[in-house]
**Q** 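Questions regarding the structure given below will be posed in turn.
These values consider heavy atoms only, across backbone and side chains, with no hydrogens, waters or symmetry-generated copies.
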Amino acid sequence: LVDATIQTIQNIITELRPGILDVLGLFAAIEWQAAELKKMSGITCDLSLPSEDVLVDAEISTNIFRIIQELFTNIVRYSQATNVSVRIEIIRDRLFLNVTDNGIGIRPQDISSPVSFGIIGIRERVYAMKGEMDITGTSGMGTSIIIAVPVNAGQSAQPE
């Protein structure tokens with residue numbers, strides 16, 4: 001019973017802040033997640049990410065990583081895509097995330113559906129970060145989501 005409780009607590013902690021972010025950093029963790037996407041589903045992922053020497057605060061990196069995980073889950077489940085593109089840019093004090101797939105395209109009614117729990121969760125994360133998001137789908141051509149959130153990004157410091 002004690003072992004099961006400890007395992008449950010460890011699972012909860014991992015869900016709150018994935019350890020991979022602490023070990024690899026946000027951008028390497030996204031690269032790892034893209035490789036997992038390819039391994040599990042066959043969907044290829046083109047990445048355009050900032051260099052690892054850009055620091056993004058822990059809350060933002062956790063939310064961005066979770067958003068990408070949810071988007072990958074939705075792409076696998078619903079899109080029938082064969083390729084996804086993930087681009088992150090940090091311009092001045094904003095992080096821009098653009099995820100586009102070549103699938104069937106999300107329908108407008110699914111974007112605002114009260115049972116689209118993945119999108120609802122993404123929207124709540126974005127708004128909690130005081131960000132903005134836009135989702136568009138084109139039938140037979142894919143779906144694109146653009147997210148912009150304020151960040152305090154800086155250059156990584158070498159430990160002294």
**Q** With no hydrogens and no angle check, do the side chains of Asn74 and Ser79 hold a donor and an acceptor under 3.5 Å apart?
**A** no
**Q** Tell me every residue that passes side chain to side chain contact (heavy atoms under 4.5 Å, CB included) with Pro108, counting only those two or more places apart in sequence or in another chain.
**A** none
**Q** Treating Ile, Leu, Val, Met, Phe, Trp and Tyr as nodes and any side-chain heavy-atom pair under 4.5 angstrom as an edge, say whether Ile67 and Leu47 lie in one connected cluster.
**A** yes
**Q** Does the side chain of Ile147 come within less than 4.5 Å of Phe96's, by heavy atoms?
**A** no
**Q** Under the 3.5 angstrom rule, does the side chain of Asn63 hit a backbone N or O of Glu59 as a donor-acceptor pair?
**A** yes
**Q** When Leu97 is tested against each of Ile68, Val149, Val126 for side-chain contact (heavy atoms from CB on, under 4.5 Å), which residue passes?
**A** Ile68
**Q** For the atom pair CD1 (Ile104) and CE (Met141), what is the distance rounded to the nearest 0.5 Å?
**A** 14.0 Å
**Q** Among residues at least two apart in sequence or on other chains, which ones pass side chain to side chain donor-acceptor pair (under 3.5 Å) with Asn83?
**A** Thr44, Asp46
**Q** Could you tell me the separation between the OG atom of Ser139 and the CD1 atom of Ile106, rounded to the nearest 0.5 Å?
**A** 12.5 Å
**Q** Any non-hydrogen side-chain atom of Ser48 less than 4.5 Å from a side-chain atom of Val86?
**A** no
**Q** Checking Val2 now: which residues fulfil side chain to side chain contact (heavy atoms under 4.5 Å, CB included) with it, not counting sequence neighbours?
**A** Ile6
**Q** If the condition is salt bridge (charged side-chain N to carboxylate O under 4.0 Å, His left out), which residues does Glu36 pass it with, not counting sequence neighbours?
**A** Lys39
**Q** Quick one: do Tyr78 and Ile135 end up in the same hydrophobic cluster if we chain Ile, Leu, Val, Met, Phe, Trp and Tyr together by side-chain heavy atoms under 4.5 Å apart?
**A** no
**Q** When you compare the side chain of Arg87 with that of Glu89, does any pair of heavy atoms fall below 4.5 Å?
**A** yes
**Q** Dump the intermediate steps for side-chain contact (heavy atoms from CB on, under 4.5 Å) on Ile43 and Ile75, then the final yes or no.
**A** CA-CA 9 Å; Ile43 298 172; Ile75 289 166; 3.9 Å; yes
**Q** Give a yes or no answer on whether the side chain of Ser41 reaches the backbone of Lys38 with a donor-acceptor pair at less than 3.5 Å.
**A** no
**Q** Could you tell me which residues satisfy side chain to side chain contact (heavy atoms under 4.5 Å, CB included) with Ser144, sequence neighbours excluded, listed by chain and number?
**A** Asn98, Thr100, Thr136, Ile146
**Q** Listed by chain and number, what are the salt bridge (charged side-chain N to carboxylate O under 4.0 Å, His left out) partners of Glu124, not counting sequence neighbours?
**A** none
